[in-house]
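Heads up, the thing below is written out as structure tokens.
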Amino acid sequence: MKNIYFLLLLFLIFTCENINNMSLVTIEKQFFGETLDGNEIYEYILKNEKGMEVSVINYGGIITSWKAKDRDDNYQDIVLGFDNINDYETKNPYFGALIGRYGNRIAKGKFSIDDKNYTLATNNDENHLHGGLKGFDKVIWNIEEIFHESSASLVLKYISSDMEEGYPGNLNVKVIYTLNNNDELIVKYEADTDKTTIVNLTQHSYFNLSGDFNQDILNHEVKINADSFLPVDSTLIPTGEKREVFDTPFDFLQPKKIGRDIEMDNEQINYGNGYDHCWVLNKHTDELQFVASAYDDSSGRLLEVYSNQPGIQFYTGNFLDGSLKSKYEGNYKFRSGFCFETQNFPNSPNEHSFPSASLRPGEKYLTQTKFKFSVK
Ligand code: BGC
């Protein structure tokens, strides 16, 4: 008899966890298109009770659209992207994508682990960028839907095989996107390996909080919780120095318009053609902490980012040049989007004073970033 009660209890717990219509956050799945080599791509639309919508495709785990309300309750898309799969395959400057195995640059595509040398593709002039020729932004992820009481998740899984793109070890990767009713999207990254390897996963959405992609992002007010940043050389590889931001264009400790200092005659700004640097976050701990925010006064939208990562690459869309067609009207102009890429430091595998990016068998890579929206 006891057993029957126990089974009944298990059944009830299981049902509550999984029934779609008990969750106030829903997921809709629709066909998005077919890749050039014939894979069917689907878009999963997470929608919360208030009306926020985040759409993700199984190609690259890309966030294709993210609708957030302005201060008058108008919902608008606030991330750059394309309206078709083939543009994502052939010309995507990482709009919305999951990045791996190593987000950001590795000098000359070379690193070593336990005295063994590895060579990766040099797909960014002489350096390696964002995982190589076919990084995690270009692979097909397996997606599962999970419903909770007041949130819903997409669980994306991918197995990157030993020596894929030159990286050692079979890497099991799981990325969980969870949308809740507080207008927060939580992105959890998990990975394990069977050989020592390096990992640095991030999310590469380009935000334009105005919802009007014909406007640049220079009026957004940005705050970054960092007393120092990592200066780079002319190929955007950190020099190894951690430089204080005080009295430099890199000081975002108090909210500041992106455009205020971006045209200053400063060597670091010149190398990035704007901001394209990693900031060293204050008080880095294993807990989520405030990392950065961006506020657009024209719409009232405020984005706050929390993470347990040591750094954030703040990139101001300096390589957008008007050649890419928007998913709406027009083309994406210079600095029409910015990225908040929470991550470990660029080139960490070659810079021993930076936090380690290695993952050994038996260890678990676990990081988390939360994007929270509100209006002012
Ligand atoms: C990098 C930029 C690069 C961009 C690609 C950013 O993470 O820091 O230098 O051009 O990604 O879209």
Side-chain angles (χ1 to χ4, degrees), residues 60-64 79-82 87-109 120-138 187 189 200-208 213 216-217 222 224 226 229-239 250 258 262 268-280 291-292 294 305 307 309-326 331-348 351 354 357 369:
I62 293 173
I63 296 180
T64 49
V79 289
L80 274 48
F82 298 115
D87 282 357
Y88 279 116
E89 286 185 272
T90 56
K91 45 179 91 134
N92 189 13
Y94 305 95
F95 286 154
L98 289 179
I99 308 291
R101 276 190 206 192
Y102 202 91
N104 219 315
R105 294 177 173 79
I106 295 181
K108 309 230 164 45
L120 308 169
T122 46
N123 56 330
N124 188 248
D125 298 325
E126 60 192 75
N127 299 319
H128 177 83
L129 178 69
H130 293 338
L133 300 175
K134 190 174 177 190
F136 293 174
D137 58 297
K138 292 189 186 64
V187 191
Y189 304 84
N200 189 22
L201 306 178
T202 190
Q203 221 298 328
H204 209 294
S205 285
Y206 285 62
F207 296 98
N208 184 326
F213 301 154
D216 62 40
I217 43 77
V222 163
I224 304 178
F229 76 106
L230 302 176
V232 290
D233 67 16
S234 62
T235 73
L236 301 185
I237 295 290
T239 58
F250 292 81
I258 297 176
I262 204 168
Q268 286 300 315
I269 291 275
N270 295 341
Y271 284 159
N273 197 20
Y275 296 107
D276 193 355
H277 295 75
C278 186
W279 271 251
V280 179
V291 166
V305 179
S307 181
Q309 288 276 42
I312 186 173
Q313 182 84 7
F314 173 47
Y315 168 59
T316 46
N318 314 310
F319 292 106
L320 297 174
D321 60 4
S323 61
L324 299 173
K325 204 176 150 333
S326 163
N331 284 26
Y332 292 120
K333 297 189 200 89
F334 188 47
R335 297 181 180 153
S336 54
F338 70 89
C339 306
F340 272 160
E341 305 158 53
T342 50
Q343 55 188 251
N344 199 340
F345 300 168
N347 200 33
S348 287
E351 193 58 70
F354 288 177
T369 293

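Ligands are counted one by one from 1 in listed order, and the atoms in each one are counted from 1 as well.
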Exercise. Using the benzene-type ring in the case of Trp, are the ring centres of H128 and Y102 under 6.0 Å apart?
Worked result: no
Exercise. Is the closest side-chain heavy-atom distance between Q343 and I312 below 4.5 Å?
Worked result: no
Problem set entry | Side chain proximity check, F136 to R101, heavy atoms < 4.5 angstrom | yes
What I want to know is whether [X] and ligand 1 share at least one N or O pair that is separated by under 3.5 angstrom.
{"X": "L129", "result": "no"}
{"X": "N104", "result": "no"}
{"X": "D276", "result": "yes"}

Among all protein heavy atoms in this structure, tell me which lies nearest to [atom], with the distance rounded to 0.1 Å.
{"atom": "atom 11 (O) of ligand 1", "result": "H204 NE2, 2.9 Å"}
{"atom": "atom 3 (C) of ligand 1", "result": "R105 NH2, 4.0 Å"}
{"atom": "atom 7 (O) of ligand 1", "result": "E341 OE1, 2.7 Å"}

Exercise. Parallel, tilted or perpendicular: which fits the ring planes of F314 and F340, with parallel below 30° and perpendicular above 60°?
Worked result: tilted
Exercise. Using the ring of each side chain (for Trp, its six-membered ring), is H204 parallel, tilted or perpendicular to Y206, with breaks at 30° and 60°?
Worked result: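 The rings of H204 and Y206 sit tilted, inter-plane angle from 30° to 60°.
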Problem set entry | Contact atoms of ligand 1, heavy-atom distance to Y94 under 4.0 Å |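 With Y94 as reference, the close atoms of ligand 1 come out as 5 (C), 12 (O).
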For this session: Give the numbers and elements of all ligand 1 atoms closer than 4.0 Å to a heavy atom of Q313.
Result: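 Those qualifying, in numeric order: 8 (O).
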Exercise. Taking R105 as the fixed residue, which of N347, D125, N127, N124 is the one that meets the side chain to side chain donor-acceptor pair (under 3.5 Å) rule?
Worked result: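 Answer to the side chain to side chain donor-acceptor pair (under 3.5 Å) test with R105 among N347, D125, N127, N124: N124.
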For this session: For a ring pair (Phe, Tyr, Trp, His ring centres under 6.0 Å) with Y275, tell me which candidate from F338, F250, F229 qualifies.
Result: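 Exactly one candidate clears the test, F250.
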Problem set entry | Candidate with minimal heavy-atom separation from atom 12 (O) of ligand 1, of Y315, F319, Y206 |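 The option holding the nearest heavy atom is Y206.
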